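Let me begin by presenting the structure, written as C-alpha cells, before commenting on it.
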Amino acid sequence: MPRPVQNGRTPFGALAEPGPADASEVRRLQQRIQELESELARIQAENDALTAAASHESLLEDMDTSSGEREPISHGSNR
C-alpha cells in the first residue's frame, strides 16, 4: 500500500497540548463574543426603534403636506 504524501505541514494542534494560557485565551475570546453579540442586539433594537419613529414622523409629515395642499371647498359665491 502506498504511503500518504506529506506536504511538510504539521496538522494544527499536533505541535503541543493546549495549556492554561490557551484555555484562558479561549475564555477571553468567548466572553468578547458574548459582549459583541449583546452590543449587536442592543444596536439592532435601537435601529428598529429609530426606523419606526422616522417612519411615523414621515407619515405625519405626509399628512400635513397633503392637507396643506388642498384647495378650500367653496360653498357658493361670497358677494
Side-chain angles (χ1 to χ4, degrees):
M1 179 172 240
R3 292 180 49 190
V5 177
Q6 294 186 355
N7 61 5
R9 295 178 132 179
T10 303
F12 181 74
L15 296 177
E17 291 294 316
D22 296 322
S24 176
E25 180 70 2
V26 168
R27 283 191 301 276
R28 186 187 71 77
L29 291 172
Q30 288 171 336
Q31 177 63 35
R32 183 65 178 139
I33 289 169
Q34 287 178 343
E35 291 168 2
L36 291 171
E37 287 173 339
S38 295
E39 185 176 357
L40 176 62
R42 181 189 60 78
I43 290 171
Q44 285 175 329
E46 184 179 345
N47 188 54
D48 292 344
L50 290 171
T51 300
S55 177
H56 180 73
E57 188 171 316
S58 177
L59 287 173
L60 292 177
E61 287 175 0
D62 288 347
M63 288 173 58
D64 288 344
T65 303
S66 66
S67 65
E69 292 176 351
R70 293 184 184 158
E71 293 291 324
I73 299 174
S74 169
H75 294 287
S77 155
N78 289 339
R79 284 192 194 175

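A quick note: this is a predicted structure, and the numbers were derived from the prediction, not measured.
Separation of atoms CD (Gln34) and CD (Glu39) is listed at 14.0 Å; rounding is to 0.5 Å. Here CG of Leu40 is found 13.0 Å from CD1 of Ile33. Values are rounded to the nearest 0.5 Å.
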Checklist entry - What do the steps show when you test Glu46 against Arg42 for side chain to side chain contact (heavy atoms under 4.5 Å, CB included), and what is the final call? => result CA-CA 6 Å; Glu46 184 179 345; Arg42 181 189 60 78; 3.4 Å; yes
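Counted within 6.0 Å of CD on Glu35, heavy atoms from surrounding residues, nucleotides or ligands total more than 12; the atom is thus considered enclosed.
Although no hydrogens or angles enter the test, the distance criterion places a donor-acceptor pair under 3.5 Å between the side chain of Thr51 and the main chain of Asn47. Of the possible donor and acceptor atoms, none in the side chain of Ser24 sits under 3.5 Å from a partner among the backbone N and O of Pro20.
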